Amino acid sequence: MNSKEQERVLREYLNGQDSPEGKALFDKWTQSLYDENSLPISDTEEVLSQTQQRMWAHISPKTSSPIIRLVPSWGLRLGVAASILFISVLAWLWIAKFHQPISESELSYQTIKTKAGEHATVILEDGTRVFLNAASSLRFPKELKGLTRHVYLEGEAYFEVTHNPQQPFVVSSKHLNTTVKGTTFDVHDYAQDSQANVTVLTGKVAVEIADNTKHNCLILPNQMCTYENGKAFLTKSVVADASESISWRERKVYFKRECMGLVFRKLERMYNVSFQIKNPQLLDCIWIASFENASLEEVLQSMQSSLGIQYQIKGKEVIITGICQ
């Protein structure tokens, strides 16, 4: 099949005619552009002409015919221009079909939620694995279409993202937007907490404030990006061991000079209890401790011995009295 016949078949296919040959030619060309990462990003005559040449190179049968260079007449120039326009239509139809943003209403979403004291694992369509911490939720499209793979997180989750440079992975949470192409990282962003952070284990991650995209940071392994409520900027810092950020997956917890207000919120999510603090001043105290597979009783006993507080467990409620010493 020569170029003119191929063009005729492609035109018929794009006009809606049921043509297995046209579909095969179209699919072969678009796949070649995807494989080469050479989608046209401009509709200039030069770029589209190059695109046309790549198209025919991939879908035309190989021949031993000599290449003859002709000086085009005005009529032939019009033919070339028409061919370029045709290729332009093909290129943008391909982009419209596979790479245009898709509205929320066109996607079918699913939401996975965990209660306090629960964990969950979610495997997305592209093989990305998401590990949800307690009292969290993940909203995601059943099919990852469009320019990005966009999911929505409330709470905390650890992501192992399948690499795909052509379709970045975006996590939108309460305060942050996190964008990657294929990496492992933890997002901690509970609505009740005054601080949100992203910690990278492998790869490279871009983080921006959800309602102020001018402020962003790029972080690498063993780095963390932190947002604090009321502040219009992000702070980048180095962490000694990024794996500690996902220690919750193994029922480990580290309190490194954390205020007791945050400690109690973490314990509420871990053990599915609520704390009643009789002395509000206790919430400003600082605590240093670490636990592995510890029961609530063990944690409270450690708190009692190190801080001097008293506790009483009544079902799902824990009453705390006293003040840190």
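Just so it is clear, the model here is predicted, and its values are computed rather than measured. Worth knowing before you read on, the calculation uses all heavy atoms, side chains too, and leaves out hydrogens, waters and symmetry mates.
When hydrophobic side chains of Ile, Leu, Val, Met, Phe, Trp and Tyr are connected at separations under 4.5 Å, Tyr158 ends up clustered with Phe131, Leu201, Ile246, Trp248.
Considering every non-hydrogen atom in both His150 and Pro141, the closest pair reads O-CD, 3.2 Å. Minimum interatomic distance between Glu298 and Phe291 (heavy atoms only, all atoms of both residues): O-CE2, 4.4 Å. Here the closest heavy-atom approach between residue Val187 and residue Ser173 is recorded as CG1-OG, 4.1 Å. The two residues Ala232 and Asn212 make their nearest non-hydrogen contact at CB-ND2, 4.3 Å. Across all non-hydrogen atoms, the minimal contact from Ala196 to Leu176 is CB-CD1, 4.0 Å. Of all heavy-atom pairs between Tyr254 and Ser290, the closest is CD2-CB, 3.7 Å.
Val151 and Tyr190 fall into different hydrophobic clusters, where Ile, Leu, Val, Met, Phe, Trp and Tyr side chains are chained together by heavy-atom contacts under 4.5 Å. Note on Leu147: it does not cluster hydrophobically with Val170, by side-chain heavy-atom contacts below 4.5 Å among ILVMFWY residues. Ile323 and Val263 fall within the same hydrophobic cluster, where Ile, Leu, Val, Met, Phe, Trp and Tyr residues are linked whenever their side-chain heavy atoms come under 4.5 Å apart, directly or through other members. When hydrophobic clusters are built by joining Ile, Leu, Val, Met, Phe, Trp and Tyr residues whose side-chain heavy atoms come closer than 4.5 Å, directly or via intermediates, Val200 is grouped together with Ile209. There is no path of hydrophobic side-chain contacts, each under 4.5 Å, that joins Ile320 to Leu262.
Looking at Phe264 and Ile277, their side chains come closer than 4.5 Å, going by heavy atoms from C-beta outward. Looking at heavy atoms from C-beta onward, Asn177 lies out of side-chain contact with Val171 at the 4.5 angstrom threshold. When side chains are defined from C-beta on, Ile319 does not count as touching Phe275, because their heavy atoms never get closer than 4.5 Å. Between Phe185 and Val198, the closest side-chain pair of non-hydrogen atoms falls below 4.5 Å.
For residues 192-243, the set of pairs meeting the disulfide bond (SG atoms under 2.5 Å apart) definition, not counting sequence neighbours, comprises Cys217-Cys225. A disulfide bond (SG atoms under 2.5 Å apart) check over residues 239-316, counting only residues at least two apart or in different chains, returns the pairs Cys285-Cys324.
Atom-to-atom distance recorded for Leu218:CG and Leu234:CG is 12.0 Å, nearest 0.5 angstrom. The distance from the NE2 atom of His188 to the CG atom of Asn197 is 6.0 Å, given to the nearest 0.5 Å. One finds the CD atom of Glu160 at 6.5 Å from the OG1 atom of Thr184 (value rounded to the nearest 0.5 Å). With rounding to the nearest 0.5 Å, the separation of OG1 in Thr162 from NZ in Lys181 is 15.5 Å. Note that CG of Asp211 and NZ of Lys174 are 9.5 Å apart. Values are rounded to the nearest 0.5 Å. With values rounded to the nearest 0.5 angstrom, Gln223 atom CD is found 5.0 Å from Lys236 atom NZ.
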With a cut-off of 3.5 Å and sequence neighbours excluded, list every side-chain donor-acceptor pair involving residues 111-126.
residue: Thr114; atom: OG1; partner: Asn133; partner atom: O; Å: 2.7
residue: Thr114; atom: OG1; partner: Ala135; partner atom: N; Å: 3.3
residue: Thr114; atom: OG1; partner: Ser136; partner atom: N; Å: 3.0
residue: Thr114; atom: OG1; partner: Ser136; partner atom: O; Å: 3.2
residue: Glu118; atom: OE1; partner: Lys115; partner atom: N; Å: 2.9
residue: His119; atom: NE2; partner: Asn133; partner atom: OD1; Å: 3.1
residue: Glu125; atom: OE1; partner: Leu144; partner atom: N; Å: 2.6
residue: Asp126; atom: OD1; partner: Thr128; partner atom: N; Å: 3.0
residue: Asp126; atom: OD1; partner: Thr128; partner atom: OG1; Å: 3.0
residue: Asp126; atom: OD2; partner: Thr128; partner atom: OG1; Å: 3.0
residue: Asp126; atom: OD2; partner: Arg149; partner atom: NH1; Å: 2.5

Donor-acceptor list for residues 305-318 side chains, cut-off 3.5 Å, not counting sequence neighbours:
residue: Ser305; atom: OG; partner: Gln301; partner atom: O; Å: 3.3
residue: Ser305; atom: OG; partner: Ser302; partner atom: O; Å: 3.0
residue: Ser306; atom: OG; partner: Trp287; partner atom: NE1; Å: 2.9
residue: Ser306; atom: OG; partner: Ser302; partner atom: O; Å: 2.8
residue: Gln310; atom: OE1; partner: Gln304; partner atom: NE2; Å: 2.9
residue: Tyr311; atom: OH; partner: Glu297; partner atom: OE2; Å: 2.6

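Residues meeting the salt bridge (charged side-chain N to carboxylate O under 4.0 Å, His left out) test with Arg265, sequence neighbours left out: Asp193.
The backbone N or O of Ala242 sits less than 3.5 Å from a side-chain atom of Asn222, completing a donor-acceptor pair.
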Apply side-chain contact (heavy atoms from CB on, under 4.5 Å) to the pair Met270 and Val253, showing each step before the final yes or no.
CA-CA 9 Å; Met270 286 179 61; Val253 60; 4.1 Å; yes
Verdict with supporting geometry, Phe159 and Leu153, side-chain contact (heavy atoms from CB on, under 4.5 Å)
CA-CA 11 Å; Phe159 294 83; Leu153 172 70; 4.3 Å; yes
Yes or no on salt bridge (Lys or Arg N to Asp or Glu O under 4.0 Å) for Lys256 and Glu244, after CA distance, side-chain angles and deciding distance?
CA-CA 11 Å; Lys256 295 186 174 182; Glu244 288 187 1; 2.6 Å; yes
Step by step, would you call Leu267 with Val273 a side-chain contact (heavy atoms from CB on, under 4.5 Å)?
CA-CA 8 Å; Leu267 294 178; Val273 296; 5.6 Å; no
Between Val207 and Val205, is a side-chain contact (heavy atoms from CB on, under 4.5 Å) present by the stated rule, with each step listed?
CA-CA 6 Å; Val207 184; Val205 173; 3.9 Å; yes
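Between Tyr227 and His175, the ring center distance clears the sub-6.0 Å criterion.
Arg269 has no carboxylate O lying under 4.0 Å from a charged side-chain N of Glu156, or vice versa, which leaves the two without a salt bridge.
Enclosure of atom CD in Glu154 is not indicated, since only 12 or fewer non-hydrogen atoms of other residues, nucleotides or ligands lie within 6.0 angstrom.
Defined by atom type and a distance below 3.5 Å, a donor-acceptor pair is missing between the side-chain atoms of Thr199 and Asp186.
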